[in-house]
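Residue numbering restarts at 1 for every chain, and letters A, B, ... go by the order of the sequence lines.
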Amino acid sequence: MLASRAFSLVGRRSICTSLCLRAHGHAGVVKAEDYTLPAYVDRRDVPLPEVAFVRDLSAQQKALKEKEKASWTALSIDEKVELYRMKFNETYAEMNKATNEWKTVLGGVLFFLGLTGIILIWQKHFMYGPIPHTFSEEWLSAQTKRMLDMRVNPVEGISSQWDFDKNEWKK
Amino acid sequence: LARGIQHTAVRQAHRKHEPNFHDKYGNLVLLGGAAVFTSVWGYVVTQLGMEWGLSPVGKITPREWRE
């Protein structure tokens, strides 16, 4: 409602897009922008694109198109290839061809994962404090014996991995 | 018949394609990235002195804790 009010106040004619502004210098007809026209596309599922690949033909190409209107047996192989290349950009074989892009992608991924490791190095060097004493060999061995004495997690956990008869880890 | 002629013409139409970035440097990037990755993470996992908190099973020999 507010927009229509603004419209009637300002007057419909004075609201102009940039396209309209350009048209006012050219007898009121706007030249069609490229993006509004049918486009050529190399796609497997579009065998006949809406337009030919080459839009503006040279004089030589125009002559060839004239020749195409006559019998095709008069065309040489090279002329047929030229006509094809005017109509299409890539052949299906060229379109479907595999690339080596995966190498760049995978290499790049691995490289940046490596950079992440460098961040860890920085953290260890500059940020982390000393490792708590409860991770020392003596403490861990005492801690483990205490856990086994208490029968911690006897079903599937740590106590199930210890052989209490032979006094060793199960094989 | 016309389509048959077209097919023949197209088969002979392959242009030489300019090698792109991936053709020229793909192998280098792949091996370089793998080298950086293995060297950095090899160092982090073994030499840096991180506490990874691995399981004591099979590694730690229990010892008496009662004083």
Which atom pairs, one a donor and one an acceptor, fall under 3.5 Å between side chains of residues 50-58 of chain B and the rest of the protein, sequence neighbours left out?
unit_1	atom_1	unit_2	atom_2	d
E51(B)	OE2	G53(B)	N	3.0
W52(B)	NE1	V45(B)	O	3.3
S55(B)	OG	V57(B)	N	3.2

Pair count under 4.5 Å, heavy atoms only, with chain B: among L110(A), V109(A), L113(A), highest is L110(A)
For E156(A), I'd like to know if atom CD has over 12 heavy atoms of other residues, nucleotides or ligands within 6.0 Å. no
Any chain of hydrophobic side-chain contacts (each under 4.5 Å) joining V36(B) to L48(B)? yes
Answer yes or no: does atom CZ of R63(B) have more than 12 heavy-atom neighbours from other residues, nucleotides or ligands under 6.0 Å? yes
T104(A) vs L30(B) side-chain heavy atoms within contact, under 4.5 Å: no
Is it true that M127(A) and V44(B) fall in one hydrophobic cluster, defined by side-chain heavy atoms closer than 4.5 Å? yes
Are there over 12 heavy-atom neighbours, none belonging to F112(A), within less than 6.0 Å of that residue's CZ? no
What distance do L115(A) atom CG and F37(B) atom CZ have between them, rounded to the nearest 0.5 Å? 11.5 Å
Taking W65(B) for the side chain and S141(A) for the main chain, is one N or O donor matched with an acceptor at less than 3.5 Å? no
Just so I understand: if I count every heavy-atom pair under 4.5 Å between each of K97(A), K145(A), M147(A) and chain B, which residue has the most? K145(A)
I'd like to know which of L28(B), D23(B), T38(B) tops the heavy-atom pair count under 4.5 Å against chain A. D23(B)
Among residues 128-140 of chain A, which residues come closer than 4.5 Å to chain B, judged by heavy atom distances? Y128(A), I131(A), F135(A), E137(A), E138(A), W139(A), L140(A)
Is there a path of hydrophobic side-chain contacts, each under 4.5 Å between heavy atoms of I, L, V, M, F, W or Y residues, that connects F88(A) with L57(A)? yes
With only heavy atoms counted, which part of Y43(B) is less than 4.5 Å from chain A, the side chain, the backbone, both or neither? side chain
Same cluster or not: F126(A) versus I119(A), using hydrophobic residues (I, L, V, M, F, W, Y) connected whenever any side-chain heavy atoms lie under 4.5 Å apart? no
Within residues 161-171 of chain A, the residues sitting under 4.5 Å from chain B by heavy atom, in sequence order, are Q161(A), W162(A), W169(A)
Are the side chain of K103(A) and the backbone of V29(B) linked by a donor-acceptor contact shorter than 3.5 Å? no
Can you measure from CG (D149(A)) to CZ (R66(B)) and round to the nearest 0.5 angstrom? 5.0 Å
Going by the rule side-chain contact (heavy atoms from CB on, under 4.5 Å), which residues pair with P38(A) if we only count those two or more places apart in sequence or in a different chain? E50(A), V51(A)
Shared hydrophobic cluster for M86(A) and Y40(A) (ILVMFWY, side-chain gaps under 4.5 Å): yes
Distance from T99(A) atom OG1 to F21(B) atom CZ, nearest 0.5 Å? 12.5 Å
Max heavy-atom pairs within cutoff under 4.5 Å with chain B, candidates V105(A), L106(A), L120(A), L148(A), goes to L120(A)
